[in-house]
Colleague: 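First the structure, then my questions, so here it is.
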Amino acid sequence: MNKNSSATLMTNGPIWKRIIAFAIPLFFGNLFQQLYNTADSLIVGNFLGSSALAAVSSSGNLIFLMVGFFNGIAIGAGVVVAKYFGAKKFDMVQRAIHTIVALGIVSGLLLTVVGVLAAPQILVLMGTPADVLPNSVTYFRIYFCGSLAFVMYNFLVGILQSVGDSKHPLIYLIISSIINIVLDLVLVAGFHFGVGAAALATIISQFISAFLCLRQLLKSPREYRVHLSNIRIDWLMLKQIISNGLPAGLQNSIISLANVVVQSNINKFGQMAVAGCGSYSKIEGFGFLPITCFAMALTTFISQNLGAKEYQRAKKGAVFGVICSISIAELVGVLIYFFSPYFIAAFNATPQVVSYGVAQAHVVTLFYFLLAFSHCMAGILRGAGKSTVPMFVMLVCWCIIRVTYISVAVKFIPDIRVIFWAYPLTWTLSSIAFILYFVKSDWLHGLEKQTDF
């Protein structure tokens, strides 16, 4: 491989150094991604008011419901590339990456059509407040006009990360985040064009980041370089990608669907509750940073080492990643717990908005270690090609139990804090389920059997 390549083989060298070196750019990349998303809410909340902030907030879970499925497919696609890359089967890497790019184009165009057409009906079904609905529809439809950019960005980043390159995605996220914030300030704060302008700023910046990712892959080392003339679907490779990615995609959709139900119940408490909880969700995104970066790093680390048949190394890396993730996530949770009044007020200083956001933070944040543990377990299993296990755990714990609990509890106790307690309950149950799976299946002992592609 070219010595100037940004790719990293995680099958040799100090385990802690490989994981940390890969996770740090992921951390900062996710940080800028969160800033990217938070900029809309901060600027909209301060310059357009609580009604516009509620419109942006109410669209968030619905957006992830639509985009999350394809993001899950991208995760599965990355697992396939990482295993072949770790095994140094570069002809298979080439087949995989060109199939992924072709799949991303088709998926992005499909999501554009579905998102634009379905927006009003789905937002009404969610019980979006009438005074928020027009702005929510506008934001949602403009946002989904950029579906091709969102999907392609995630697919292309998945390829780069699967070969150990987490640096270039970080650079591109920084660039797109700055562009997004500048456009928000000009279009929303400067010209007061409304929530549609915030969505437009986001999709412009996403198209730029997707283009930069593609440009990088077009000039990458030959082992994982994209050639435009070779972009086509290899049906056997597509089968592998779908078998690895479909469970993760369904998992994302299941969680998002549950979140839509949760959002529907929050909507019943009015505009201030929607704005306050939406503001907290942006802050919570920062709490997710150590969780997502280590979960993603573990997926790549496990995939590459299993491909190279480095089984003991995979086990040691899994333990190290989990400990790091839960420790840092809990530290962030404690900080958010104590400083939440100031964080929420930064979005909108209306007392009721702050009150709702702080109430959610004080219920949820001290349980971040459970959330980190669940995500890391899911990342490890995906890296080993066992993505159906976290899918079923999330289906039961994060969807069926959570939705049932909220639907029943809110009828008897019409207090929004009942909804907030669904989160630590869900995280506790999923953590227990993963522990039981690992103990009962003796999975770590049987890791050596994970040699197939």
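No hydrogens, no waters, no symmetry mates; every other heavy atom, side chains included, goes into these values. Residues: numbered from 1 along the sequence shown.
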Colleague: Is the backbone of Leu173 close enough, under 3.5 Å, to the side chain of Ser176 for a donor and an acceptor to pair up by distance?
Modeller: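 Checking the backbone N and O of Leu173 against the side chain of Ser176, a donor-acceptor pair under 3.5 Å is found.
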Colleague: Among residues two or more places apart or on two chains, list those pairs meeting salt bridge (Lys or Arg N to Asp or Glu O under 4.0 Å) that have a residue in residues 171-183.
Modeller: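 Every candidate salt bridge (Lys or Arg N to Asp or Glu O under 4.0 Å) pair involving residues 171-183 fails, so no pair, neighbours aside, qualifies.
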Colleague: Could you give the distance from CG (Leu217) to CG (Leu160), rounded to the nearest 0.5 Å?
Modeller: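 Reported to 0.5 Å precision, the distance equals 4.5 Å.
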Colleague: Parallel, tilted or perpendicular: which one describes the rings of His227 and His98, with boundaries at 30° and 60°?
Modeller: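 Rings of His227 and His98: parallel, under 30°.
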Colleague: What verdict does the side chain to side chain donor-acceptor pair (under 3.5 Å) test give for Tyr84 and Glu223, after you've listed the backbone C-alpha separation in whole Å, the side-chain angles of each residue and the deciding distance to 0.1 Å?
Modeller: CA-CA 11 Å; Tyr84 285 127; Glu223 290 86 356; over 6 Å; no
Colleague: Which residues pass the side-chain hydrogen bond (donor to acceptor under 3.5 Å, both in side chains) test with Asn230, sequence neighbours left out?
Modeller: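 By the side-chain hydrogen bond (donor to acceptor under 3.5 Å, both in side chains) rule, Asn230 matches no residue at all.
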Colleague: Test of understanding: with side-chain hydrogen bond (donor to acceptor under 3.5 Å, both in side chains), list the residues that count as partners of Tyr368, not counting sequence neighbours.
Modeller: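 Tyr368: side-chain hydrogen bond (donor to acceptor under 3.5 Å, both in side chains) contacts with Tyr280.
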Colleague: Taking the six-membered ring of Phe301, is the NZ or CZ of Arg313 close enough (under 6.0 Å from the centre) and on axis enough (within 45°)?
Modeller: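 Cation-pi check for Arg313 and Phe301: fails.
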Colleague: Test: salt bridge (Lys or Arg N to Asp or Glu O under 4.0 Å). Region: residues 238-250. Which pairs qualify, not counting sequence neighbours?
Modeller: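 Non-adjacent pairs meeting salt bridge (Lys or Arg N to Asp or Glu O under 4.0 Å): zero.
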Colleague: Please check this pair: side chain of Ser209 against backbone of Gln206, looking for a donor-acceptor N/O pair closer than 3.5 Å.
Modeller: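 Here the side-chain-to-backbone pair exists.
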Colleague: Is there a donor-acceptor pair closer than 3.5 Å between any side-chain N or O of Ser243 and the backbone N or O of Gln240?
Modeller: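 Confirmed, Ser243 side chain pairs with Gln240 backbone.
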Colleague: I'd like to know if the side chain of Asp165 reaches the main chain of Lys167, judged simply by a donor and an acceptor atom lying under 3.5 Å from each other, with no hydrogens or angles considered.
Modeller: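 Checking the backbone N and O of Lys167 against the side chain of Asp165, a donor-acceptor pair under 3.5 Å is found.
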Colleague: Please identify each residue that fulfils side-chain hydrogen bond (donor to acceptor under 3.5 Å, both in side chains) with Lys17, with sequence neighbours left out.
Modeller: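 With sequence neighbours excluded, Lys17 shows a side-chain hydrogen bond (donor to acceptor under 3.5 Å, both in side chains) to no residue whatsoever.
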Colleague: Considering residues at least two apart in sequence or located in another chain, which fulfil the ring pair (Phe, Tyr, Trp, His ring centres under 6.0 Å) criterion with Phe28?
Modeller: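 Counting only residues at least two positions away or on another chain, Phe28 forms no ring pair (Phe, Tyr, Trp, His ring centres under 6.0 Å).
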Colleague: Any chance you could measure Lys282, atom NZ, to Cys277, atom SG, to the nearest 0.5 Å?
Modeller: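 Interatomic distance, Lys282 NZ to Cys277 SG, rounded to 0.5 Å: 13.5 Å.
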Colleague: Please check if the side chain of Arg402 supplies one atom and the backbone of Thr426 the other of a donor-acceptor pair under 3.5 Å.
Modeller: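 Absent.
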Colleague: Would you check, one step at a time, whether the test side chain to side chain contact (heavy atoms under 4.5 Å, CB included) holds for Phe22 with Gln161?
Modeller: CA-CA 9 Å; Phe22 186 73; Gln161 291 175 348; 4.0 Å; yes
Colleague: Taking the side chain from Ser147 and the backbone from Phe144, do they hold a donor-acceptor pair closer than 3.5 Å?
Modeller: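 Looks like yes, one N/O pair under 3.5 Å.
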Colleague: For the residue pair Val93 and Phe85, what are the closest heavy atoms and their distance?
Modeller: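 Of all heavy-atom pairs spanning Val93 and Phe85, the closest is CG2-N, 3.7 Å.
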Colleague: Passes side chain to side chain contact (heavy atoms under 4.5 Å, CB included), Leu183 versus Ile179? Steps please.
Modeller: CA-CA 6 Å; Leu183 288 174; Ile179 292 171; 3.8 Å; yes
Colleague: Please check this pair: side chain of Gln304 against backbone of Ser162, looking for a donor-acceptor N/O pair closer than 3.5 Å.
Modeller: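 Yes, Gln304 side chain to Ser162 backbone: donor-acceptor pair under 3.5 Å.
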Colleague: Not counting sequence neighbours, list each pair that qualifies as a salt bridge (Lys or Arg N to Asp or Glu O under 4.0 Å) and has a residue in residues 94-123.
Modeller: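 Sorted result for residues 94-123: Arg95-Asp234.
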Colleague: Rounded to the nearest 0.5 Å, what separation is found between the CZ atom of Phe155 and the CD1 atom of Ile241?
Modeller: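 Taking CZ in Phe155 and CD1 in Ile241, the distance rounds to 8.5 Å.
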Colleague: Which residues satisfy the ring pair (Phe, Tyr, Trp, His ring centres under 6.0 Å) test with Phe193, sequence neighbours excluded?
Modeller: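 Partners of Phe193 by the ring pair (Phe, Tyr, Trp, His ring centres under 6.0 Å) criterion, ordered by chain and then number, come out as Phe191.
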Colleague: With no hydrogens and no angle check, is any side-chain donor or acceptor of Asn305 less than 3.5 Å from a backbone partner on Tyr311?
Modeller: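 No, Asn305 side chain to Tyr311 backbone: no donor-acceptor pair under 3.5 Å.
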Colleague: Which residue pairs satisfy the side chain to side chain donor-acceptor pair (under 3.5 Å) criterion with at least one member in residues 100-115, sequence neighbours excluded?
Modeller: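 Sorted pair list comes back empty.
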Colleague: Working note: Phe320 + Ile19, criterion side chain to side chain contact (heavy atoms under 4.5 Å, CB included); need CA distance, chi angles, decisive distance, verdict.
Modeller: CA-CA 9 Å; Phe320 175 79; Ile19 293 178; 4.0 Å; yes
Colleague: Apply side chain to side chain contact (heavy atoms under 4.5 Å, CB included) to residues Tyr143 and Leu200 and explain how you reach the verdict.
Modeller: CA-CA 7 Å; Tyr143 188 99; Leu200 180 62; over 6 Å; no
Colleague: Looking at Ser327 and Cys324, would you say the former's side chain and the latter's main chain have a donor-acceptor pair under 3.5 Å?
Modeller: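 No; judged by distance alone, with no hydrogens or angles, the pair does not exist.
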Colleague: Which heavy atom in Cys213 sits nearest to a heavy atom in Val157, and how many Å separate them?
Modeller: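 Shortest heavy-atom contact: SG-CG2, 3.7 Å.
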Colleague: Keeping to residues at least two apart or across chains, list the salt bridge (Lys or Arg N to Asp or Glu O under 4.0 Å) pairs with something in residues 365-385.
Modeller: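 Sorted result for residues 365-385: empty, none.
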Colleague: Looking at Thr299 and Gly379, what are the two nearest heavy atoms and their distance?
Modeller: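 Heavy atoms of Thr299 and Gly379 come nearest at OG1-O, 2.9 Å.
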Colleague: Do you know the tightest heavy-atom contact between Ala198 and Asp184?
Modeller: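 Reported closest heavy-atom pair: CA-OD1, 3.4 Å.
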Colleague: Only one of Phe369, Phe434, Trp398, Trp427 forms a ring pair (Phe, Tyr, Trp, His ring centres under 6.0 Å) with His375, so which one is it?
Modeller: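 One option only clears the test, and that one is Trp398.
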Colleague: When you look at OH of Tyr405, are more than 12 heavy atoms from neighbouring residues, nucleotides or ligands closer to it than 6.0 Å?
Modeller: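 It does: Tyr405 OH has more than 12 such atoms within range.
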Colleague: Any idea which heavy atoms bring Leu218 and Val226 closest together, and the distance?
Modeller: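 That closest heavy-atom pairing would be CD2-O, 3.2 Å.
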Colleague: Centres of the Phe90 and Tyr224 rings: under 6.0 Å?
Modeller: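 They do not qualify: ring centres at least 6.0 Å apart.
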Colleague: Rounded to the nearest 0.5 Å, what separates atom CG in Leu111 from atom CZ in Phe69?
Modeller: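 Going from the CG atom of Leu111 to the CZ atom of Phe69 covers 10.5 Å.
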Colleague: Who passes side-chain hydrogen bond (donor to acceptor under 3.5 Å, both in side chains) against Thr388, sequence neighbours left out?
Modeller: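 Residues passing side-chain hydrogen bond (donor to acceptor under 3.5 Å, both in side chains) with Thr388: none at all.
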Colleague: Give a yes or no answer on whether the side chain of Arg18 reaches the backbone of Asn12 with a donor-acceptor pair at less than 3.5 Å.
Modeller: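 Confirmed, Arg18 side chain pairs with Asn12 backbone.
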Colleague: Please walk me through it: do Glu284 and Ser281 pass side chain to side chain donor-acceptor pair (under 3.5 Å)?
Modeller: CA-CA 5 Å; Glu284 185 181 62; Ser281 71; over 6 Å; no
Colleague: Do you know which two heavy atoms are closest between Thr428 and Leu370, and how far apart they sit?
Modeller: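 Looking at all heavy atoms of both residues, the shortest contact is OG1-CD1, 3.2 Å.
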Colleague: Would you please name every residue forming a side chain to side chain contact (heavy atoms under 4.5 Å, CB included) with Leu331, sequence neighbours left out?
Modeller: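 Per chain and number, Leu331 pairs via side chain to side chain contact (heavy atoms under 4.5 Å, CB included) with no residue.
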Colleague: Rounded to the nearest 0.5 Å, what separation is found between the SG atom of Cys293 and the CG atom of Leu26?
Modeller: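 Here the interatomic distance stands at 6.5 Å.
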